[in-house]
Amino acid sequence: MATADSLQKICLSYIADNLHKLCNETKHINEGDAYPEFKLTFKSPEAKFYSDLAEQLLQTVSKRCQLNDKLLSLFGDPCVMCLRRAYIKNALLTTRGLKALSCHQLLELDASAVRRVNVNDIIGALGEWTRRNIKSLNVSECTFLDKSKFCIVISLRQLRSLRHLNVSYTEFSNQLGLEYLAEGLPLLESLDISGTLVYSIQPLLRRKHQLKSLIMFQTRVPEKDLIPVLLELKELRILDISQDAHPMLDSPQTANMNALLEKQESLPNIISLDISGRDNLKETALHFFVKNHPSLMYLGLTLTQGTDRNKQPKDICGEDFLVDEGHEDYRSDLKVSGHATESQVLEALRRYGSRAHYVHKLLCTLFTMTQGLDQARPDIVKVILPEMRAHPHHLGVQMAASACLYNLTKHSLGDEVHVSDLSMMVQLTLKAMESFPSQQQLQKNALLTLCSDRILQDVNFDRYRASKMVMDCLFIFDDPSMTRMSVAICSILAAKISTEQTTMLGTKRNMQKLLSIVKQKADTQVVDITLKFTLSALWNLTDESPSTCAIFLNEGGLDLFIQILSLFPDEPPLQTKVLGLINNIAEVKELRDTLLRPDFTYHCRKLLDNEQIEVSYFAAGIIAHLLNDGPQTWKLPHELRREFQDALHKSILNWKNPAGEMVAYRSFSPFFPLLDSTIAEVQLWSVWAMQHVCTKNPSRYCPMLVNEGGVDILTSLVSSHELHPDVYSVTKTVLDVVAQNRPMS
């Protein structure tokens, strides 16, 4: 079952999304500053967040919107927001904005990927207590360069209590870098130098008695220089020497990774070893190492190539002692990342989300593993979404992720996925569609994922944006399956966006395309799901949109729809959709006379007597609107008008309210003019329609009728002595239903 978000998480998300409502903004002009400073404070003087909650709010704000000087100022008063751990990742800050941190006594600071300031600015903004006591600092993806492009790391030595430091993906190097820190940070236990310019870790031998964690993914240190130092770092618990691309092999005479694995005394305290992306590992060496290190809890072997006893290349993560529970040396407590099993792949995805190359390869493997699922796996969806979000412009990642998500949510599998995860999935899918509009397979994956009742009906996302992108697929790709999915999605979404948005979506270009699909089916006399969805899309796009109705007529839509009625006389689903759309035209007074043509009224009169109530209902609606304009606008023989009126009355009285809701309305406004009619049959159709929707879906339509003033109109109607008895009877039923469903006061 999908689990709900905690109340605390929901509240924090609400606060983060509504700071503009909850806060006051003040303008400060400081002497010497060229620009004013804007600060936020909570409107309520009672607002106060204890440390854990303040830290979570800061992290929520940072993740949901880009943190800037103004937003960070909200955390500038320790009496309101007490921070011990600060998360400002990806923030866009100035030195002025950073001052908000100076009043807090921080033990941990994650300032990774902060822009517009350098590492020295960040450290300089910390209070004196923080500089003396901070234990953990993450400045990954920041810069050490000053305005003169000099690399300055001297400020790090002020943090004498620092135990954990992450300088990955910066200009950090050996000169004035690693050598400097090894001497200046006496308590350093954990260091991440991934992606830096470090070419030798020899200086770390000065800290060999306390260094417990060393992360150096994708560094330039050759294996021949790396292995001798690692053999002396005997206190290491965590070691990551993985590579993104397979490294250049050292000569056979120099030490390589096997030398590290084969030595009895190497890494005696290790609990986590990552050698992903390394090459030329011998299975015997790896087996020996794992067997010789019973405390090892994690082994990274993603994209690691080994050699068997015959020195042939092989995927080493699939060795029997790692995957076969029946093997004598198999350990259930050892987590392994790789691509031999589902657990290995998921473990790798959780750990390597920032490595696009890894993520792509892993998702391709996962796609194969998730084909043909018969049980829902919402846990896998949760693993994929962060990776998809982390690499929005990597085609391989987006392609593989979208394919996996379809496997995991198709048919009823998506029912077990939490709606918030589905919402995020749709947002990321739309982002992928925007980023790669001409990539057919990715667009097809996206359409497959979106074409789900659960997603289209229950999930919250920007439906207008999705409708536009799906409609664009009709123009870019000539693929029958993509056309089918596109019109299916549009047919549903068009009914769920505002009338303003349907008007914007119902452009001449889009209407021409949809009508061309209908014409193609008419010319080949094919009735299929694509035709039905296209008719539904046109129907919904014209709903309460006079301009779209006009485009439909100008583009020959009425002639085409009359042709559909002629070609398929025994297809009630088609007849319903055709008449439903023409009913939308009939609601537009300025367009109504275009329907007074013999070829159309012939079909309309015939279908009024149809046994299928849906067909008869919409034919009746069109006739009611045509009759309501009065004899002066009637361009056809007057005896036909009398015939229509009598047949309309007879048909409505013969209708039995169907078991389900056969129509959905945005509002009752199109019905109100019919209630003012002097023609009883016109009034009768209008109140019957109200009765139908109010009895089938009272929670939606009864309040709508009240709010739009319909109850007042109906109450006035039943008080008229000239009201036809049949109209009176149905109107009373509507009023009774509304009264029964009024909320208790």
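Because the structure is a prediction, the values reported are computed rather than measured. Keep in mind that the numbers below use all heavy atoms, side chains included, and drop hydrogens, waters and symmetry copies. All residue numbers refer to positions in the sequence shown, counting from 1.
Tyr352 and Ser276 share a side-chain donor-acceptor pair at under 3.5 Å.
With values rounded to the nearest 0.5 angstrom, Asp329 atom CG is found 11.0 Å from Asp320 atom CG. Taken to the nearest 0.5 Å, the CG atom of Leu273 stands 6.5 Å off from the CG atom of Leu267. The line from OG of Ser337 to CG of Leu349 is 10.0 Å long, rounded to the nearest 0.5 Å. Separating the CZ atom in Arg278 from the CD atom in Gln243 is a distance of 4.5 Å, to the nearest 0.5 Å. Atom-to-atom distance recorded for Ile384:CD1 and Leu405:CG is 5.0 Å, nearest 0.5 angstrom. Atom CD1 of Ile270 sits about 10.5 Å away from atom CG of Leu299, to the nearest 0.5 Å.
In this structure, the side chains of Glu223 and Asn256 come closer than 4.5 Å at one or more pairs of heavy atoms. Counting heavy atoms from C-beta outward, Met297 and Asp333 have side chains that approach closer than 4.5 Å. Leu145 places a side-chain heavy atom less than 4.5 Å from the side chain of Glu171. At a threshold of 4.5 Å between non-hydrogen side-chain atoms, the residues Ile122 and Leu93 do not count as touching. Contact check for Leu162 versus Leu165: side-chain heavy atoms found under the 4.5 Å cut-off. With contacts defined as side-chain heavy-atom distances shorter than 4.5 Å, the pair Ser481/Lys444 qualifies.
Note: Tyr358 and Phe217 have perpendicular aromatic rings, judged against thresholds of 30 and 60 degrees for the angle between ring planes. Using cut-offs of 30° and 60° on the angle between ring planes, the pair His391 and His394 is perpendicular.
In this view, Arg463 satisfies the salt bridge (Lys or Arg N to Asp or Glu O under 4.0 Å) rule with no residue, not counting sequence neighbours. With sequence neighbours left out, the side chain to side chain contact (heavy atoms under 4.5 Å, CB included) criterion links Ala16 to Thr60, Val61, Arg64.
Ion pairing of Glu189 with Arg163 is present here, as a side-chain N (NZ or NE/NH1/NH2) and a carboxylate O approach within less than 4.0 Å. A salt bridge is defined here as a Lys NZ or Arg NE, NH1 or NH2 lying under 4.0 Å from an Asp or Glu carboxylate O, and Lys282 with Glu262 meets this definition. A salt bridge links Arg377 to Glu342: at least one charged side-chain nitrogen sits closer than 4.0 Å to a carboxylate oxygen. With respect to Arg355 and Asp244, no salt bridge is recorded, no charged nitrogen being found less than 4.0 Å from a carboxylate O.
Scanning all heavy atoms of the two residues, the minimum distance from Asn138 to Ser140 falls at OD1-N, 2.9 Å. Considering every non-hydrogen atom in both Ser266 and Leu231, the closest pair reads CB-CD2, 3.3 Å.
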> Please walk me through it: do Leu261 and Asn292 pass side-chain contact (heavy atoms from CB on, under 4.5 Å)?
Replying inline: CA-CA 10 Å; Leu261 299 176; Asn292 196 42; over 6 Å; no
> So Leu178 and Leu191, side-chain contact (heavy atoms from CB on, under 4.5 Å) or not? Walk me through it.
Replying inline: CA-CA 10 Å; Leu178 192 62; Leu191 179 63; 3.7 Å; yes
> Checking side-chain contact (heavy atoms from CB on, under 4.5 Å) for the pair Asn407/Leu366: CA distance, chi angles, key distance, verdict?
Replying inline: CA-CA 10 Å; Asn407 283 349; Leu366 188 62; over 6 Å; no
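Both cation-pi conditions hold for Lys63 and Tyr87: the charged atom is under 6.0 angstrom from the six-membered ring centre and inside a 45 degree cone around its axis.
Of the possible donor and acceptor atoms, one in the side chain of Asp479 sits under 3.5 Å from a partner among the backbone N and O of Met482. Side-chain atoms of Asp453 never come within 3.5 Å of backbone atoms of Ile455 as a donor-acceptor pair (strictly under, hydrogens ignored).
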